[in-house]
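Please read the structure below before turning to the comments.
Quick note on labels: first sequence line is chain A, next is B, and so on, each numbered from 1. Scope of the values below: all heavy atoms of this structure, side chains included, with no hydrogens, waters or symmetry mates.
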Protein chains: 2
Amino acid sequence: MPAVKARAELSEAKDQGYYSIGKAAELSGITPKMIRHYESLQLIPKAARTAGDYRVYSAADIHTLRFIRRARGHGFSMEEIGTLLGLWRNQRRASEQVKRLATKHITDLDHKIAELQSMRAALAELAEHCHGDSRPDCPILSDLAGLPPAE
Amino acid sequence: MPAVKARAELSEAKDQGYYSIGKAAELSGITPKMIRHYESLQLIPKAARTAGDYRVYSAADIHTLRFIRRARGHGFSMEEIGTLLGLWRNQRRASEQVKRLATKHITDLDHKIAELQSMRAALAELAEHCHGDSRPDCPILSDLAGLPPAE
DNA sequence: CCTTGACCTTGCCACCGTGGCAAGGTTCAT
DNA sequence: ATGAACCTTGCCACGGTGGCAAGGTCAAGG
């Protein structure tokens with residue numbers, strides 16, 4: 001008897017406020033591919049399935065996916081997002097835990113920013129002294145070669 | 001007849017100023033693993049081999065490896081480094097080409113820096129308003145959930 | 001001569017986050 | 001009933017790096 005209702009199950013699901021993975025992707029801004037990936041990482045619970053084995057998502061699931069998308073936007077790693085989701089779902093969390101995670105992430109970002117900035121500064125300095133014309137002499141290459149800027 | 005000289009070939013090579021991959025790694029600051037990887041990417045030419053199939057490196061090879069290490073330190077991608085190596089080896093290059101590559105890379109760095117900085121600013125703002133105590137209310141989670149900072 | 005240990009060889013798997021493609025199944029509208 | 005649009009799983013790729021395993025080579029010392 002599952003076969004009987006199978007044919008219409010997806011549209012039934014739609015009627016009841018459930019979404020296919022494509023629709024969930026559209027609503028959350030996460031590709032179907034990544035939604036499946038997050039499921040495999042156990043970031044999100046296994047989606048319910050129709051008789052035809054299609055995943056279906058509730059409005060609450062979409063909400064979770066949006067949460068993930070925003071967290072990615074802040075640069076959190078998948079692992080951190082897993083923790084954040086746990087805290088979000090736990091009504092008895094302490095805001096201290098969230099803040100600690102965020103603060104740690106901010107210092108990570110600071111390190112990355114500082115690293116990129118020092119690369120940028122070094123390169124800008126070199127590029128500034130490069131003629132940038134048809135001559136071969138170039139302080140950038142000299143630097144990479146480990147020579148004094150022999151310009 | 002290769003078998004005759006095989007036994008001593010590595011030490012012979014050493015006498016002639018050639019280095020094993022481990023020594024090259026030590027001198028260049030690049031792990032043996034990555035040296036092999038760069039070879040497979042054709043970033044560096046295939047190393048010569050002893051009769052025992054050990055790779056051997058000349059002082060010039062070490063120089064190239066150092067070049068790569070410095071370029072990585074400036075954040076250039078492998079592909080960009082390939083181009084830089086080509087320019088370095090080409091006596092008739094125009095410094096303009098090098099400068100263009102570097103300038104492009106600087107703007108890439110600027111984009112990344114700006115992205116990280118905006119993440120950092122947003123998070124810092126949220127974290128600042130988080131009590132960070134035992135209470136569950138947290139503007140960081142509210143933000144991720146897409147809610148107004150309901151604090 | 002033979003052993004020992006340090007080094008080398010190749011090859012495969014992992015990370016992270018994402019994208020692509022292929023081969024097949026389902027659903028829906030015409 | 002057919003075709004288009006969607007879904008399913010599974011594998012491969014990127015970049016750049018690390019790890020591990022199973023085997024070969026080399027130098028030194030008993």
Side-chain angles (χ1 to χ4, degrees), chain A residues 2-15 18-26 28-44 46-57 65 68-69 71-82 108 112 115, chain B residues 2-15 18-26 29-44 46-57 65 68-69 71-82 105 108 112 115:
Chain A
V4 176
K5 58 181 286 198
R7 220 172 325 157
E9 200 179 346
L10 188 55
S11 49
E12 268 176 36
K14 271 183 199 162
D15 294 344
Y18 287 93
Y19 306 100
S20 69
I21 198 170
K23 205 77 185 117
E26 199 182 305
S28 67
I30 298 185
T31 61
K33 184 100 189 188
M34 292 314 295
I35 296 178
R36 293 187 198 104
H37 184 53
Y38 294 162
E39 179 179 319
S40 83
L41 294 183
Q42 319 223 56
L43 257 191
I44 52 177
K46 284 196 176 188
R49 302 289 190 120
T50 67
D53 223 25
Y54 281 23
R55 289 174 178 84
V56 289
Y57 296 90
L65 289 170
I68 295 174
R69 194 172 58 85
R72 290 288 311 136
H74 287 312
F76 286 105
S77 70
M78 292 297 117
E79 198 185 345
E80 288 166 333
I81 292 172
D108 290 350
K112 279 181 208 157
E115 197 184 349
Chain B
V4 177
K5 59 182 286 199
R7 220 172 326 156
E9 199 179 344
L10 188 54
S11 50
E12 268 177 36
K14 272 183 201 164
D15 294 344
Y18 286 94
Y19 305 101
S20 70
I21 197 170
K23 205 78 187 116
E26 198 181 307
I30 297 184
T31 62
K33 185 98 189 193
M34 292 314 296
I35 296 178
R36 292 187 200 104
H37 184 52
Y38 295 162
E39 178 178 320
S40 84
L41 294 182
Q42 319 223 56
L43 256 192
I44 52 178
K46 284 196 177 188
R49 303 289 190 119
T50 67
D53 223 25
Y54 281 23
R55 288 173 178 84
V56 289
Y57 296 89
L65 289 170
I68 295 175
R69 194 172 59 84
R72 291 287 310 135
H74 286 313
F76 286 106
S77 70
M78 291 299 116
E79 198 186 346
E80 288 166 332
I81 293 173
H105 183 51
D108 289 350
K112 278 180 208 159
E115 196 184 349

Take atom CD1 of A:I35 and atom C1' of C:dG19, then tell me their distance rounded to the nearest Å. 15 Å
Can you sort out the partners of A:E115 under side chain to side chain donor-acceptor pair (under 3.5 Å), two or more places apart, ordered by chain and number? none
Shortest non-hydrogen contact between A:G22 and A:P32, atoms and distance: CA-CG, 4.5 Å
Taking all heavy atoms of B:H74 and all of B:H105, pick out the closest pair and write down the distance. O-NE2, 2.9 Å
Any chance you could list the contact pattern along nucleotides 6-18 of chain C? Use B for base contacts, S for sugar-phosphate-only contacts and - for none, protein heavy atoms under 4.0 Å, 5' to 3'. -BSBBBB----SB
Could you pull out the closest heavy-atom pair between A:E80 and A:D108, with the gap in Å? OE2-OD2, 4.2 Å
Considering all heavy atoms of both residues, which atom of B:M78 and which atom of B:L41 are nearest to each other, and what is their separation? CG-CD1, 4.2 Å
Roughly, in whole Å, what's the span from CD in A:E115 to C1' in D:dG16? 14 Å
